[in-house]
Amino acid sequence: MSESVTQQIGSAWQAMSGWEIAAVILAIAYLLLAVKQNSLCWYCALASTAIYTLLFWDVSLLMESALNGYYMLMAVYGWWHWHHGGARDTELPVQRWSGKKHALTIVTIALLTLTSGSLLHQYTGAAWPYVDSFTTWASVITTFMVARKVLENWLYWMIINTTSIFLFIDRGLYLTAGLLVSYLVISVFGFISWRRDYTNRAVTGTAHA
């Protein structure tokens with residue numbers, strides 16, 4: 001890593017407010033708890049996204065603020081569904097989606113990406129409009145998958161985070177890119193952990209199809 005990049009990371013860290021640091025810590029806690037299927041993750045998600053909603057609004061990033069508002073709603077939905085989404089109002093187990101559902105999901109993400117990417121390209125000066133649109137829409141849909149405890153959500157996050165890392169490096173946001181590297185690593189362990197749980201439940205006949 002060059003000295004200039006190191007200096008930029010140091011400057012970015014010093015520029016972070018106490019609230020922003022708290023939001024980052026809570027976001028990492030959310031992901032680690034989600035790996036363990038601990039519903040406390042949703043409390044961390046709610047607090048983190050509430051902070052980010054206000055922070056992004058304060059710096060006039062209105063779409064990012066709105067996106068985090070959506071994440072706040074999903075934190076409430078995710079908590080409820082993890083506790084009551086199973087059979088007969090029981091805890092929701094890890095489940096898998098069919099190939100048809102994933103195909104529909106991928107097509108939906110592609111259409112939304114092309115639509116918003118085209119609009120951003122024509123009417124704004126947005127950088128990487130299609131890539132930015134992809135990571136946004138894919139994140140929206142994959143967050144819903146987490147709330148439904150769909151095993152493959154971790155695979156989606158791996159693709160989203162990898163894409164976002166290159167996007168943020170290109171824009172000089174090295175600290176955020178570094179944070180997403182940690183997300184990428186945690187996503188790998190998340191997939192392994194959830195798949196193990198799904199397999200164990202399948203053996204005992206309690207997994208969802």
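Position 1 is the first residue of the sequence; numbering continues from there. Remember, predicted model here, so these are calculated numbers, not experimental data.
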Would a 4.5 Å heavy-atom cut-off, applied to side chains only, mark Tyr30 and Trp42 as touching? yes
Is any side-chain heavy atom of Pro129 closer than 4.5 Å to one of Thr124? no
Side chain proximity check, Thr49 to Tyr70, heavy atoms < 4.5 angstrom: no
Using modelled atom types and a 3.5 Å cut-off, is there a donor and acceptor pairing between side-chain atoms of Ser48 and backbone atoms of Cys44? no
Side chains of Tyr156 and Met145: does their closest heavy-atom pair fall under 4.5 Å? yes
Residue Trp19 excluded, over 12 heavy atoms near CH2 under 6.0 Å: no
Heavy atoms of other groups near His83 NE2, more than 12 under 6.0 Å: yes
Main-chain N/O of Leu179 paired to Ser182 side chain as donor or acceptor, under 3.5 Å: yes
Nearest 0.5 angstrom please: Leu46 CG to Ile51 CD1, how far? 10.0 Å
Side-chain donor or acceptor of Trp79 paired with backbone N/O of Cys41 under 3.5 Å: no
Side chains of Trp157 and Tyr183: does their closest heavy-atom pair fall under 4.5 Å? no
Decide yes or no for Phe134 and Ile159: does some side-chain heavy atom of the first lie under 4.5 Å from some side-chain heavy atom of the second? yes
Between Asn200 and Arg196, is there a donor-acceptor pair closer than 3.5 Å when you use the side chain of the first and the backbone of the second? yes
Should the pair Phe144 and Tyr77 be assigned to parallel (<30°), tilted (30 to 60°) or perpendicular (>60°) ring geometry? parallel
Give a yes or no answer on whether the side chain of Gln95 reaches the backbone of Arg148 with a donor-acceptor pair at less than 3.5 Å. yes
If we ignore hydrogens and angles and just use 3.5 Å, is the side chain of Trp154 paired with the main-chain N or O of Val188 as donor and acceptor? no
Backbone of Val150 reached by a side-chain donor or acceptor of Asn153 within 3.5 Å: yes
Can you establish whether the number of heavy atoms outside Trp137 located under 6.0 Å from its atom CH2 is more than 12? no
Within the structure provided, determine whether Tyr71 and Leu67 are in side-chain contact (heavy-atom separation under 4.5 Å). yes
For the residue pair Arg195 and Thr199, establish whether any side-chain heavy-atom pair is separated by less than 4.5 Å. yes
